[in-house]
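Single-structure report; data block below.
A, B, ... follow the sequence lines: proteins, then strands. Residue 1 opens every chain. Note that the structure is predicted; figures quoted are calculated from it, not measured.
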Amino acid sequence: MLNVKNLTVRFPTRFGDFVAIEDVSISVAAGEIHGLVGESGAGKSTLGAAVISLLQTPGYVSAGSIILGGTDLRALNAREAHAMRGKRISMIFQDPQTSLNPLMTVEDQLIETIMAHRKVSVNEARNSAIELLEEIGIKEAAVRIKAWPHQFSGGMRQRVVIALALCTNPELIIADEPTTALDVAVQSQVLDLLRTLADKRKIGFILITHDIGVIARIADRVSVMRSGKVVESGETAQVLGNPQHPYTRALMDAVPPLDHKIDRFKVPSLEGVEKEGSSTANFAEQWLLEGGQQTQKVGLSIENLNVSFAGTRTSLWQKPSAFKALQNINIEVLPGSVLGLVGESGSGKSTLAKVITGLIVPESGQMYLGEETLPAGNKRSRHHPSRRMIQMVFQDPYSSLNSRHRISTILSEPLWFYGLEKSPSRRRELVLSMLELVGMPSDAIDKYPHQFSGGQRQRIAVARALLARPRFLICDEPTSALDVSIQAEILNLLKDLQSKFGLSILFISHNLSVVRQMADDMVVLRNGLIEESGKTQDLFDAPSAQYTKKLLALTPMMPKAWRT
Amino acid sequence: MKNFIKRSEGLWLFVHSPAVMVSALVAVLIFLGAALAPWIAPTNPYDLASFSLMDGLLPPVWEEGGVAKFSLGTDDQGRDMVSSILYGARLSLLIGLSAMVIATVLGVGLGVAAGFYGGRFDAIVMRIADIQLALPAILTALLIDGVARGILPPEMQQSLRVSVLTLAIALSLWVNFARTARASTFVEMNKEYVHAAIIMGQRPIRIMLVHILPNILGPLLVIMTVDLASAILLEATLSFLGIGLPADSPSLGTLIRIGMQFMLSGEWWILWIPTLFLVALVVSINTLGDFLRDVFNPGLR
């Protein structure tokens, strides 16, 4: 149905043309879900945009053909392309929060779209909109259709977006990371819905995602993209189960398995060779190990912790009722071990991290770092020793480093701030050595953060945390902003450092398979309550809480048979 | 050189927009002329001995009756227009720049602190800002000017004229800086590098100056340029209304006020030349401000 042949897209810049995708050919049959997988910058979204002719200016198609059921899309002029868009090809975007107009009811948005493409009366349009919502699984559609987008949950909103894409009965739908912003349970429902639509309505899908698990779950065929080219293409089971191209194989190796624990990820030498254990790195290693208390492992325990935030005010006269973010939390991170903290968005994972670091004042509860009480929130003085002992690696490497400071400034800050190293020359030496230890080239020291990729920045963030000589590390979703091969590198790095320096780590993630690889013990959090806690191994093998079972069942993963 | 221009987004934009280049040229020439006025101006308009009433109301050279010595003509007192304008621009720019700097320091300081601490401090600062915004800038300036006249002894009034005027203008402009700085600080406060600094236990003053301030400079630079133009205009307005600078130390506004008397009398140059000069100055500064905004905010282009 859709046939893309030898497509090349270029973006002219003042440095000459940038070739975003080169010589790409894919075809999608009716009722087929064609997965496009690859890391960020591989050109997946550009391909989708080229097909629906919504390339961002100044990008243009320089060669190749796009043929949809007999129509050459490249030959269309702007007006024809506009008419075709929506009618024959639709799009589902990543973030349902922003792809619906918050100032229009769902009804208005659906009717508007239907009437733009079909000559029908408002009432007919409304009826078909309600039918559509029912079809995609929104109950009491006739009532719910009057609601505003903010009155729907994330998953429901994504369903409405899908309804919008469907309402003109298109032949092809391009879904650009349709479930990336959603929690596991909702993701699974949305994926099921896409599969049903493909089977029942015979709609062809181009499913753009970076998550191999998603592809494995619903795609019929898959194309693996890298730097603008398709490196491998074919039946999903065949490509993922028996990858031919070395890049596909490397990609598959980097995906953390859910069903068993592996010691290290095989990191393909995609980004150049890692120089670990070289003589300069030894200096930082020695420095971290020296000092009496350094060998001593420190745990953290939290007892009966409660956190609540002021809720939304509903009446002018009453105090708003408090929102309980965390209730009765008891956790213990054993000295020298890794505790995984798992939960969906809004479950209170990050709140817990903020309580431990003192950014949020809890309502009640005790915290102990080793033997000592850890004062909460603003009771913790600026010079409290825990400020050095507890360090944090943040989720977003793009905002966790001050973009106006050089790497040398960023990394030497903990050294002088905590008074760990007095002489500037030794500080610089140590920073250089630490960069080496986390696998960064030494010329990085005089650069600025924007000159590095996400994975490199995350390495720098790890180096910054280590330079405080911490005993306890909080990693808040340290890899969720990264590509899977980079994620594998960072996880390896954290594992190495943890075993070398006896760090205790609180590892926060929504990704069960990552936690399985990293954590000794784990805690499952839901709506601010602990659902279950115990040894990671036991929890995965025999979950007792209903919620844990559900999470495990819904996480998309590859069938065992495909694993090599 | 060519590669250098290519690499820097700002320079590349600059050499590709003629309007901006012309504005920059005009602004640089005016700034240079004003700064070097005592050395390049043909006469000194403050020196009563250097001009005579006999030369009064001479037209510019290209008009009939023009004299080569006074290329842009003279006013009714016989002062050379070129010198008056250069000295006037010098005073206008001095007041505008100092007012802008005072407003920046005050506004950014309060704005960043309000964004950082939030809560009651933020509420108080921003309510004061709101009240200030409800009054037109010129009214604020008039108020401060009037108060200063009331409390300062008469002998000091003349000597402090420039300072009072500067302060009056600065106090009516700080709100822009405070609001922008506060809003940008709120954005930065949610970023993890600020959390990292807070977790470390760094002093608030260090977090504000070393971490937050460099990251919010972009929008502030834009406001600084735009407000420089506003400050110059405000000074001109006040002087035009006769409550700014006295006639013996002419700024651009004072020159325009003097020229008003000759608007319909045939001696057009006394009014129009300083007016056009002021327009050229303000337009070029504003164009540069817009250019800076584009450079710092590529999304708006």
Side-chain angles (χ1 to χ4, degrees), chain A residues 13-16 57 350 353-360 375 377-378 380-406 409-411 413-419 448-449 457-458 460-461 464-465 467-468 470 474 476-478 481, chain B residues 1-17 112 116-121 184-221 294-301:
Chain A
T13 69
R14 55 180 198 272
F15 305 106
T57 46
S350 292
K354 285 182 177 166
V355 170
I356 297 173
T357 51
L359 288 176
I360 290 179
N378 42 18
R380 197 180 303 174
S381 74
R382 277 197 281 110
H383 304 289
H384 196 271
S386 70
R387 296 229 182 239
R388 181 186 62 76
M389 309 251 284
I390 301 177
Q391 288 295 318
M392 185 150 174
V393 176
F394 295 90
Q395 169 171 9
D396 180 8
Y398 293 91
S399 87
S400 64
L401 306 174
N402 189 337
S403 52
R404 302 274 168 171
H405 287 185
R406 286 179 197 279
T409 318
I410 292 172
L411 290 186
E413 195 170 36
L415 286 176
W416 68 258
F417 185 82
Y418 298 118
Y448 285 95
R457 287 181 200 215
Q458 201 61 300
I460 295 168
R464 172 174 65 182
L467 280 167
I474 300 172
D476 187 0
E477 305 258 12
Chain B
M1 186 61 195
K2 227 178 178 157
N3 275 326
F4 180 71
I5 289 177
K6 261 193 170 181
R7 238 180 293 129
S8 149
E9 175 97 23
L11 272 179
W12 190 85
L13 275 178
F14 183 77
V15 299
H16 282 78
S17 41
V112 171
F116 184 82
Y117 289 110
R120 200 160 290 168
F121 180 73
S184 311
T185 304
F186 269 144
V187 174
E188 296 303 311
M189 285 296 285
N190 284 326
K191 295 201 177 157
E192 288 165 343
Y193 74 91
V194 178
H195 291 177
I198 298 175
I199 290 172
M200 275 177 88
Q202 296 189 9
R203 286 172 180 282
I205 187 83
R206 183 181 154 82
I207 298 177
M208 284 188 256
L209 288 180
V210 178
H211 290 286
I212 296 177
L213 190 58
N215 283 287
I216 62 171
L217 270 186
L220 291 180
L221 275 178
D294 287 354
V295 171
F296 287 116
N297 221 339
L300 286 178
R301 235 177 286 138

In sequence, state the C-alpha distance, the side-chain angles, and the governing distance for A:H384 and A:S386, and then conclude on side chain to side chain donor-acceptor pair (under 3.5 Å). CA-CA 5 Å; A:H384 196 271; A:S386 70; 2.8 Å; yes
Pair A:E413-B:Q202, side-chain contact (heavy atoms from CB on, under 4.5 Å): steps then yes or no: CA-CA 10 Å; A:E413 195 170 36; B:Q202 296 189 9; 2.8 Å; yes
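Only the side chain of A:Y418 comes within less than 4.5 Å of a heavy atom in chain B; its backbone stays farther off. Neither the backbone nor the side chain of B:E188 comes within contact range of chain A, judged by heavy atoms closer than 4.5 Å. Contact of A:L401 with chain B is made through the backbone alone, with heavy-atom distances under 4.5 Å. For A:R464, the part lying near chain B is the side chain, with the backbone staying farther off; criterion is any non-hydrogen pair under 4.5 Å. For B:V194, no part sits under 4.5 Å from any heavy atom of chain A, backbone or side chain. Contact annotation for A:F417: only side-chain heavy atoms (C-beta onward) come within less than 4.5 Å of a heavy atom of chain B. Proximity to chain A (any heavy atom under 4.5 Å) is shown, for B:R203, by both the backbone and the side chain. Contacts between A:H405 and chain B at a heavy-atom distance below 4.5 Å involve the side chain alone, from C-beta outward.
Using modelled atom types, no side-chain atom of A:R404 and backbone atom of A:Y448 make a donor-acceptor pair closer than 3.5 Å.
Shown here for B:Y193 and B:N215, the closest heavy-atom pair between the two residues is OH-ND2, 3.0 Å. Of all heavy-atom pairs spanning B:S184 and B:P219, the tightest one is OG-CG, 4.0 Å.
Here the straight-line distance linking atom CZ of B:F116 with atom CD1 of B:I212 works out to 6.0 Å at 0.5 Å rounding.
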